[in-house]
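Counting from 1, the numbers follow the sequence of the chain as shown. Only a predicted model underlies this, so the values are computations on that prediction, with no experimental measurement involved.
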Amino acid sequence: MKPVLLLLLLLGGLNATASDLKTHEHGEQGVPYVDIFLKISEASSFGQTLAIETLAKSSPVLQAEQISLQQRLQGKIVRNGEYEWSVNSQIRKRRDRALGLSGNDQEIGLSRTVRLPSKRVIDEQLSEQYNVLADVLKEDAWHENARRLNELWFDLRLAQRKVLLLEQLTAEVAVFVGQQGKRYKAGEISRVEFEQSQLPLSALEADSLQAKAAMQVARTHLLNEFPGFSWEPSTTLPEKSNELERLPNMTQSEQEAWKSRLVEQNHALELQRKQTELRHALLNRAQADRMADPTVGMHLTRERDNAEQIVGVSLSLPLGGELRESRAAIAQAQYAQSSVQEAQAQRAAFAQAEQLLIHYQSQRETRLRLNGNAQKARSLLMSLKKAFDVGEISQTELNLARQQAIQTQLESIKAQTQLEKLVGELLIDAHLSWVGP
């Protein structure tokens, strides 16, 4: 299987050593530690080609494609205008009772409402705004789905890691139980001690069954939302990541650099800005529409069986009133509301960036501590096992130590996976590993 989320932007220093990272730690994007983050993402994500194929088949992206198409068509309508040529034809029967004469009158006319030049300029701007909004809507859908795919992938990855860890621990305990069984048959330990040694194995087997069920549920959720996803389960636990060990505790200035980048690339904020610009253009159009467009026509009339022919030009101009004033007032209110929503979106973007960085900092520290706890608990278990072999501690004490070691290892695996997920979110939101289709 390809590595998961092959990066769209491969920045310099991807294979940098620790000394190289010191000189290139701010990368080319104005944010620190890009190289380390990219290595972590490359090792724990899936290929870019696979990601594009997966996202392209997801329902939200397909819906966004349709919405984007509708926006473009709306822009085309605005640019070309809604006015059409009108053809008018009449046939009348004329009869003069006084003279006793009769004849046919025929009239044909061609007319069209003419868009004023000032409105044409505004409509061209509106059309461009619709096209820009269509692009932003599609990019937003791809971005949100990339975040969702990143989330579901690491949920599945965590469930799978738990299964592998529990299978590994079950195999280790099964060996120990086998040894205790031989000692029981040899009369070295009592039946009670032998049954006590079996308790951790039964608990691990039950936990393994639950973990496998959770993995299948996580897989179902992923395939349900992303039917194009192809997944092959791994057979080994992840090796120790040097990049995870080198993840820094960001300084205040480094956090500000990341925050600026995240806000700059925030799709929700960009979408609201474009909607505000569109509302402003619609307001200009509504204000310009206070003066109605004139309708110009040409008419050809034949009366008295072609005895008389009349050619004429007509001009009609609707008189503006309260309706057009009300439409302009509504457009003004909608623009004001959109401006308020844009300010709210900007505050939300800053808050979201801060929360993501806080979670990263917290998860980094949590992962370091839990990883240390897991190593200590594992080392302690090995020491207590030796003590148990020489009769210094009881089976109950050994079982308790084993339970603590298992719990700390599971917590360490969870903390590592959560940290990898946060690194993926940082790179996706900063557009350093995902920039859309």
*Give the C-alpha distance, both sets of side-chain angles, the deciding distance and a yes or no for side chain to side chain contact (heavy atoms under 4.5 Å, CB included) between L169 and E172.*
CA-CA 5 Å; L169 295 174; E172 293 177 2; 3.9 Å; yes

_Chi angles and distances behind the salt bridge (charged side-chain N to carboxylate O under 4.0 Å, His left out) call for K162, E411_ = CA-CA 10 Å; K162 286 182 177 180; E411 291 174 351; over 6 Å; no

*Criterion salt bridge (charged side-chain N to carboxylate O under 4.0 Å, His left out) on R161 and E167, from CA distance to verdict*: CA-CA 10 Å; R161 287 175 173 178; E167 287 179 345; over 6 Å; no

*Please walk me through it: do L356 and L422 pass side chain to side chain contact (heavy atoms under 4.5 Å, CB included)?*
CA-CA 8 Å; L356 186 56; L422 284 171; 3.8 Å; yes

*Take E205 and T170 through the side-chain hydrogen bond (donor to acceptor under 3.5 Å, both in side chains) test and state the conclusion after the steps.*
CA-CA 7 Å; E205 289 174 343; T170 301; over 6 Å; no

*Using the side chain to side chain contact (heavy atoms under 4.5 Å, CB included) rule, take M298 and S111 through it: C-alpha gap first, then chi angles, then the decisive distance, then the call.*
CA-CA 6 Å; M298 178 176 290; S111 63; over 6 Å; no

*Go through R148 and E144 one step at a time and tell me if the salt bridge (charged side-chain N to carboxylate O under 4.0 Å, His left out) criterion holds.*
CA-CA 6 Å; R148 180 60 175 164; E144 290 302 319; over 6 Å; no

*Step by step, work out the side chain to side chain contact (heavy atoms under 4.5 Å, CB included) result for Q361 and Q255.*
CA-CA 10 Å; Q361 295 281 73; Q255 291 187 51; 3.4 Å; yes

*Residues R279, Q334; criterion side-chain hydrogen bond (donor to acceptor under 3.5 Å, both in side chains); working and verdict*: CA-CA 7 Å; R279 287 297 178 187; Q334 291 175 339; 2.9 Å; yes

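If you run salt bridge (Lys or Arg N to Asp or Glu O under 4.0 Å) between D293 and each of R115, R120, K119, only K119 comes through. Across V163, L164, L158, a single residue satisfies side chain to side chain contact (heavy atoms under 4.5 Å, CB included) together with M215, and that is V163.
Within the 3.5 Å criterion, the main-chain N or O of E107 finds no donor-acceptor partner in the side chain of T301. Side-chain atoms of W258 come within 3.5 Å of backbone atoms of P32 as a donor-acceptor pair (strictly under, hydrogens ignored). The closest donor-acceptor contact from the side chain of T366 to the backbone of S362 lies under 3.5 Å. Side-chain N or O atoms of E254 include one that pairs as donor or acceptor with a backbone N or O of T251 at under 3.5 Å. In this structure, the side chain of R324 engages the main chain of D289 through a donor-acceptor pair within 3.5 Å. Remark: the backbone N or O of E322 is paired with a side-chain donor or acceptor of S326 at under 3.5 angstrom. Side chain of R327 to main chain of A286: no donor-acceptor pair is present (N/O by atom type, distance under 3.5 Å, no hydrogens or angles). Under the 3.5 Å distance criterion, the side-chain polar atoms of S260 are matched with a main-chain donor or acceptor of E256. Not one N or O on the side chain of S379 forms a donor-acceptor pair closer than 3.5 Å with the backbone of Q375.
Ion pairing of E420 with R364 is absent here, as no side-chain N (NZ or NE/NH1/NH2) approaches a carboxylate O to less than 4.0 Å. Comment: E151 does not engage K421 in a salt bridge, judged by the lack of any side-chain N to carboxylate O separation of less than 4.0 angstrom. In summary, D105 and R302 do not engage in a salt bridge, as defined by a charged side-chain N under 4.0 Å from a carboxylate O. Between D135 and K274 no salt bridge is recorded (no basic side-chain N to carboxylate O distance below 4.0 Å).
When every heavy atom of L152 is checked against every heavy atom of H221, the shortest pair comes out as CD1-O, 4.1 Å. Minimum heavy-atom separation, L419 to L247: CD2-CD1, 3.7 Å. Across all their heavy atoms, F37 and L427 have their closest contact at O-CD1, 3.4 Å. Taking each heavy atom of Q287 and Q332 in turn, the nearest pair found is NE2-OE1, 4.0 Å. Closest of all the heavy-atom pairs between A146 and I428 is O-CD1, 3.8 Å. Closest heavy-atom contact between A218 and L156: CB-CA, 3.8 Å.
Looking at heavy atoms from C-beta onward, N266 lies out of side-chain contact with D429 at the 4.5 angstrom threshold. Annotation: side chain of L165 is not in contact with side chain of I406 (no heavy-atom distance under 4.5 Å). Between Q106 and Q90 the shortest side-chain heavy-atom distance does not fall below 4.5 Å. Residues R219 and L222 form no side-chain contact, since every pair of their non-hydrogen atoms from C-beta on lies 4.5 Å or further apart. Side-chain contact check for L282 versus L278: some heavy-atom pair is nearer than 4.5 Å. A 4.5 Å side-chain heavy-atom check between L110 and L300 finds every atom pair outside the cut-off.
Judged purely by distance below 3.5 Å, without hydrogens or angles, the side chains of T276 and E342 pair a donor atom with an acceptor atom.
The structure places CG of L368 at 11.0 Å from CG of N373, a figure rounded to the nearest 0.5 Å. One finds the OG atom of S412 at 6.5 Å from the CG atom of L370 (value rounded to the nearest 0.5 Å). Atom CD of Q409 sits about 9.5 Å away from atom CG of L166, to the nearest 0.5 Å. The structure places OH of Y335 at 7.5 Å from CG of L283, a figure rounded to the nearest 0.5 Å.
For Y130, there are no ring pair (Phe, Tyr, Trp, His ring centres under 6.0 Å) partners, not counting sequence neighbours.
Between H431 and H267, the angle of the ring planes lies from 30° to 60°, which puts this pair in the tilted group.
For the pair R402 and F176, the cation-pi test (distance below 6.0 Å, angle within 45°) is passed.
A 6.0 Å sphere centred on CE of M382 holds more than 12 heavy atoms belonging to other residues, nucleotides or ligands. Around CZ of R290, the count of heavy atoms belonging to other residues, nucleotides or ligands within 6.0 Å exceeds 12.
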